[in-house]
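Data first, discussion second: the structure below is written as structure tokens.
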Amino acid sequence: MAGSGAFVELLEEDVYKYYFDGEWRKSASGKSVSIINPTTRKPQYKVQACTQEEVNKIMESSKIAQKAWAKTPLWKRAELLHRAAVLLKEHKNPIAECLVKEIAKPAKDAVTEVVRSGDLVSYCAEEGVRILGEGKFLVSDSFPGNDRNKLCLTSKIPLGIVLAIPPFNYPVNLAVSKIAPALIAGNSVVLKPPTQGAVAALHMVHCFHLAGFPKGLISCVTGKGSEIGDFLTMHPGVNCISFTGGDTGIAISKKAGMVPLQMELGGKDACIILEDADIDLAAANVVKGGFSYSGQRCTAVKVVLVMESVADALVEKVKAKVAKMTVGPPEENCDITPVVTESSANYIEGLVMDAKQKGATFCQEYKREGNLIWPLLLDHVRPDMRLAWEEPFGPVLPVIRITTVEEGVHHCNASNFGLQGCIFTRDINKAMMISDAMETGTVQINSAPARGPDHFPFQGLRDSGIGSQGITNSISMMTKVKSTVINLPTPSYTMG
Ligand code: G3H
């Protein structure tokens, strides 16, 4: 159970502690932040409201720990990561329990998130050993005007302190997708989990603690964004920020100093369905892509752009599948569970009401109880409706009927977002041409958008983000190239 057994030291009275210098501690503020269970809408957990002074101390110890860690052999870093991966999987149930209570993730999906995270950590350890063990060797005579008297050796060095800020929808998986690459590359990590999801993240951090990482190398600070948010992202001790979330990321990118940024800020993923598509396959993916975790995924299908000639058939098939979806609490593994906060539910409702007023066709009746919103497919959505452009981050999916492929591509490219998109067609040549025309970080052919498998590159254009993620890209992003040049007194040619 959460906060008991192996996790008992995380909890004192009814408040979860924060993690600093290898120990679980109470904040000197004496204050806490409540986490509201999206299903019951009552307080579920409390975490420490840390202070700026505590953030300063974390940065100091993190810097010291990083210097020693950078001198730790790569194979030893990998060994500890493998140990953490095993512990994560071993403790998947209590961590998943937190995800169910804090973010209303269906119980089975919550377990999957933790297991996926363990696999990510192991893969990262292996990939790190491979790619960080290699460098480059260059010789000067390949550049005009040079003899072969300079030999350049390059290697990858850590950046220092990586500030990791994951979002509420994957507080474990999108935390380890930042922590593991940072650590294998020789960095230290300061984690600021989202408030909803903080307790799951603290349990995950405890697995790293139990694995035996040196003290100070990983810290986890909880608290109010208004008190420590900007203070963390603008802290002079931070050498890299990896952020996943909403448009707060845009504000962070404007305030952060001269540090590398890795950002993923959401999407409005378009699903283009052509006349020759396998409509059963497309319908299954529209439902999976649009409604899994109640649409609260940055890679969810957020607008269906279907050719008019097959639109009726598609809508009928999607409607039939939606009718079979279960709606209710995450503990019962329902397909649709309450959205994360009341304000999120209100925002979704605002988009639905706008579409209603402007004449969209409701394929189901709109129904809401508290944070629980029944799945809703809206047909005949037009570009003047907010739903055509905004991210509901909920179980509401707009269908726009198109008469040309160009119209679909134009809609996709006119969005502020450019994360992923997908195309359904049996013609691979057409699929490739449309993929090239779509201005998004990834295009999926004949499947719904998705980040995974976790070693695939993952990136967004425009407001969807900065840089590229995925295990290999994250490791590279969290390092810098260092060169050492050997200058010979006279040119030397091998076998010359
Ligand atoms: O919400 C953003 C996540 O990166 C999406 O990940 O495609 O595995 O659901 P996913």
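On a predicted model such as this, the values are computed, not experimentally measured, just so you know. Every number for a ligand or one of its atoms is a count from 1 in the order of the listing.
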Show the atoms of ligand 1 that are less than 4.0 angstrom away from any heavy atom in [X].
| X | answer |
| --- | --- |
| N169 | 1 (O), 2 (C) |
| A450 | 7 (O) |
| T299 | 5 (C), 6 (O), 7 (O), 9 (O), 10 (P) |
| R116 | 8 (O) |
| R297 | 1 (O), 7 (O), 9 (O), 10 (P) |
| E264 | 2 (C), 4 (O) |
| F458 | 4 (O) |

- Task: Flag the pair E113 and R116 as a salt bridge only when some basic side-chain nitrogen lies within less than 4.0 angstrom of an acidic carboxylate oxygen.
- Result: no

- Message: Apply side chain to side chain donor-acceptor pair (under 3.5 Å) to residues T299 and Q420 and explain how you reach the verdict.
- Response: CA-CA 7 Å; T299 48; Q420 293 208 357; over 6 Å; no

Heavy atoms only, cut-off 4.0 Å: how does [X] contact ligand 1, side chain, backbone, both, or neither?
| X | result |
| --- | --- |
| Q420 | neither |
| Y293 | neither |
| Q296 | neither |

Quick check: does any side chain N or O of [X] sit under 3.5 Å from a backbone N or O of [Y], one acting as donor and the other as acceptor?
| X | Y | value |
| --- | --- | --- |
| T244 | P167 | no |
| T337 | A104 | yes |
| E102 | A198 | yes |

Name the closest protein heavy atom to [atom], giving the residue it belongs to and the distance to 0.1 Å.
| atom | answer |
| --- | --- |
| atom 9 (O) of ligand 1 | Y170 OH, 2.4 Å |
| atom 4 (O) of ligand 1 | R451 NE, 2.8 Å |
| atom 3 (C) of ligand 1 | C298 SG, 3.0 Å |

- Closest heavy-atom contact between V381 and P398? CG2-CB, 3.7 Å

- Closest non-hydrogen atom pair, C363 against D379: SG-CB, 4.0 Å

- Would H206 and H209 count as a close aromatic pair, with their ring centres under 6.0 Å? yes

- How far apart are the C-alpha atoms of S242 and K178, what are their side-chain angles, what is the distance that settles it, and do they pass the side chain to side chain donor-acceptor pair (under 3.5 Å) test? CA-CA 7 Å; S242 178; K178 303 170 192 312; 3.2 Å; yes

